Every structure is written in structure tokens, then in C-alpha cells.
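Take a look at the structure below.
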Amino acid sequence: MRSSYPTLKEISAEAGVSIALVSVVLNGKKGRIMASEQTKAKILAVAKSLGYEPNRNARGLRMQRSFLIGVSVYNISSSFVPEILSGIESEFLHTSYSMLLGAHRNHEELRERLEVFRRRRVDGVILISTNHRVCEKYLGQFPDFPAVTVGCAPDLPHCSSVMSDRHEIGSIAAAALVARGHCNIGYLCNDYGNCGGFQDYLNLYRQQQCNCFRLECKNYFDVGVDAAVKLLTAHPEISAVFADSDVLGAAAIQAAVKLGRRVPQDLAVLGVDDSMLCRLTVPQLSSINQPKREQGSAAARILMQMLDGGKVEHIAFPGKLVCRESLGDIKSL
């Protein structure tokens with residue numbers, strides 16, 4: 001009677017090859033014993049049909065790996081984090097790797113989280129954060145960790161990065177507002193990394209009296225409401241607000257309500273992220289879409305390649321304008 005869990009011996013008997021050859025194929029060994037592509041395919045097919053799964057603990061001891069990847073998130077309640085995590089998990093699904101998930105709310109908690117990862121002997125780290133200075137400082141203290149950041153690009157030799165092209169996102173936003181006739185535009189800037197292309201694009205239109213009124217603030221709703229009220233009160237000529245997160249975009253809509261200004265009839269509002277929050281505001285918030293799941297998938301894929309000797313990579317994904325009710329046209333005012 002066959003055991004409940006298939007062994008290498010049973011797979012070799014079914015495939016008609018030696019146990020040594022089965023071990024080479026299933027464990028990815030390299031040496032004197034080699035299998036042809038046809039034999040390799042046959043062994044893998046038999047293993048799959050019998051329900052064989054590699055023993056991760058044994059493989060980890062052999063390869064001196066834990067097959068654990070530490071993943072730390074700055075703001076785990078953010079609306080786009082679950083999609084990034086979903087992308088990471090999907091990439092690990094058919095591999096031996098799994099996530100050790102944690103969160104940090106400040107610099108000290110990030111340092112402690114990385115210490116926990118070290119004690120758990122993770123093979124590498126994925127850090128989801130938009131603050132490149134903080135990532136650079138603390139990941140720099142752990143040079144033995146191959147790492148990938150999602151949301152920023154710290155300058156470290158052992159660290160790859162995956163993020164949206166913030167400069168392009170800013171350019172898309174500016175072009176959308178200028179094309180709709182807005183020339184006095186407010187800019188609510190998240191203090192953890194702004195869309196530089198927004199300012200650059202508007203500078204090209206200064207000869208058309210295109211003015212930008214910028215105000216930097218924390219990426220929190222209540223703080224954003226106060227900042228937007230301050231900005232719109234100081235510059236009542238503003239006809240559109242670009243907020244470089246959906247949280248701040250929703251805050252700008254709330255600020256308009258407080259000031260008795262209609263969106264989009266009196267004020268157009270455009271955010272960044274294209275999160276679920278866009279569907280919950282009234283009116284619905286227009287936004288620049290960032291491919292979130294794809295970023296998570298790319299981060300996991302790059303890190304696994306680095307663990308197998310691959311090089312450090314830096315990837316920037318393009319954004320895409322998603323028009324909803326909040327993006328008005330100055331000509332209709």
C-alpha cells in the first residue's frame with residue numbers, strides 16, 4: 001500500500017528512473033547527474049499526479065535558507081496596501097517562500113521590525129513605504145538583507161525598488177487640468193514624496209498665466225481638510241486642486257463643502273492612487289491609477305531573483321488618468 005505522502009522512491013518507481021535522478025530534478029540539484037528535458041518533464045508530471053510537495057524545512061537546511069521573506073508596511077490601513085500584499089503573495093504561491101508580515105508606525109518600530117526579521121532568519125526583506133530617507137537609513141543598517149522597497153527608491157547597493165513613476169503621474173495630472181482650462185491650481189503635497197512632474201509641467205505654461213499654489217501636509221484626512229481650507233481661503237482664485245493621494249483628494253472635497261464651493265462646478269479635484277476611497281466620496285473622486293498588485297508581484301519576483309544571485313533592479317510603473325465626477329471643466333463654470 002502506498003503511504004499517504006508520496007516518497008522519492010515511489011516517484012522513481014512510477015517514472016521508471018533512479019531515486020537519485022528524481023532527487024536531482026525535484027530539488028534542483030546541480031552536479032554530475034543530469035536529466036534530459038523529456039525525463040525531467042516525466043518526473044515532474046508523475047510527482048504532480050501523486051501529490052508530491054517538497055519538504056521546505058529539509059530544503060532550507062540543505063540550502064541554508066529559511067524561505068521566509070520579511071514584509072513590513074508603514075501604513076497597513078492604507079487602501080492600496082492589500083493589493084500590493086496580494087501581488088506579493090501571488091508570486092510566492094507556487095514557490096517555497098512565504099511572508100512574515102509586520103507593520104511599523106514610526107522609525108523606532110521599523111528598526112525593531114528589522115531586528116525581528118533578523119532573529120527569524122528571513123532570507124530577504126520587502127519594505128512598503130514612500131519615505132526613501134527612512135528606508136535608506138534603516139535598511140542601510142542591515143546590509144546582509146537583500147531588500148526591495150515598494151513606493152520609493154533608496155540609494156543602497158543591496159536594495160532594489162519598485163514604484164510608480166511619480167514624475168510622470170504629476171505630468172499626467174497637470175496636463176489633465178490644463179487641458180480643461182484651469183490656470184489657478186492648488187497642489188496639496190504629501191510630505192513623503194511629491195509628484196515633481198506636476199510642477200515641471202505647469203512651469204511650461206507660465207506664459208499662459210498658469211499658477212500653482214502649493215501647500216505641503218501630512219497624508220491624513222483631518223490634516224488634509226484643514227490644509228485645503230487654508231489653501232482655498234488664502235487663494236480664492238483656485239479653480240482646481242491636485243492632491244497627490246486619494247486621502248488628500250477626499251479631504252479637498254470636504255474642504256470645498258465647508259467653504260460652500262461645489263465640486264466640480266466651482267472646484268475640480270484630482271487625486272492619486274485610484275483607491276476604493278474614490279468611489280465613496282460625493283462626488284466620486286477622479287484619480288491617477290497606480291498599478292498596485294503589479295508592484296507587489298514585481299517586488300517578490302525581483303527579490304527571489306536576487307536571492308538566486310540576480311542583480312539589483314529599479315522599476316517604475318506608469319500611471320493612468322481615471323476620470324470621474326470631481327474633474328470639472330473651467331469652461332462650464
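All of these numbers come straight from a predicted model, not from anything done at the bench.
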Evaluate side chain to side chain contact (heavy atoms under 4.5 Å, CB included) for D274 paired with R279, printing each intermediate quantity in order. CA-CA 9 Å; D274 191 30; R279 286 82 165 170; 3.4 Å; yes
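- Considering only heavy atoms from C-beta on, V150 stays 4.5 Å or farther from L127 through its side chain.
- The aromatic rings of Y138 and H107 lie tilted to each other, with the angle between the two planes from 30° to 60°.
- In terms of modelled atom types and a separation under 3.5 Å, the side chain of H158 and the main chain of L139 share a donor-acceptor contact.
- The main-chain N or O of C323 is never found under 3.5 Å from a side-chain atom of S286 such that the two would form a donor-acceptor pair.
- Other residues, nucleotides and ligands place more than 12 heavy atoms under 6.0 Å from the CZ atom of F213.
- Nearest heavy-atom pair across G271 and D246 is C-OD1, 3.7 Å.
- Taking a 6.0 Å sphere around CG of D155, one finds it holds 12 or fewer heavy atoms contributed by other residues, nucleotides or ligands.
- Heavy-atom neighbours of Q141 CD from other residues, nucleotides or ligands within 6.0 Å: above the threshold of 12.
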Donor-acceptor list for residues 299-306 side chains, cut-off 3.5 Å, not counting sequence neighbours:
none

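- In terms of heavy-atom proximity, F242 sits nearest to A173 at CE1-CB, 3.5 Å.
- Closest approach of A251 and A228 over heavy atoms only: O-CB, 4.4 Å.
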Could you go step by step and tell me if E108 and R111 meet the salt bridge (charged side-chain N to carboxylate O under 4.0 Å, His left out) rule? CA-CA 5 Å; E108 182 59 26; R111 188 191 64 78; 2.7 Å; yes
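- Remark: the E237 side chain and the N184 side chain contain no N/O donor-acceptor pair separated by less than 3.5 Å.
- No donor-acceptor pair closer than 3.5 Å links the side chain of T281 to the backbone N or O of A250.
- Closest approach of G224 to L188, counting heavy atoms only: O-CD1, 4.3 Å.
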Using distance only, find each side-chain donor-acceptor pair of residues 252-263 under 3.5 Å and give its atom names and separation, not counting sequence neighbours.
unit_1	atom_1	unit_2	atom_2	d
R261	NH1	I238	O	3.4
R261	NH2	I238	O	2.7
R261	NH2	D266	O	3.0
R262	NE	D266	OD2	3.1
R262	NH2	D266	OD1	3.1

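- Using modelled atom types, one finds a donor on one side chain and an acceptor on the other under 3.5 Å when comparing N219 with S245.
- Side-chain N/O atoms of R293 and S86 include a donor and acceptor closer than 3.5 Å.
- T95 places a side-chain N or O within 3.5 Å of a backbone atom of F92 that can act as its donor or acceptor partner.
- Side-chain contact annotation: S297 with E91, donor-acceptor N/O pair under 3.5 Å present.
- In this structure, the side chain of S66 engages the main chain of L68 through a donor-acceptor pair within 3.5 Å.
- Panel note: side chain K218, backbone V223; no donor-acceptor pair is recorded below 3.5 Å.
- Counting only distance, with no hydrogens or angles, the side chain of K320 and the backbone of P318 share no donor-acceptor pair below 3.5 Å.
- Across all their heavy atoms, C183 and S239 have their closest contact at N-OG, 4.5 Å.
- Not counting sequence neighbours, the partners of Q295 by the side chain to side chain donor-acceptor pair (under 3.5 Å) test are S164.
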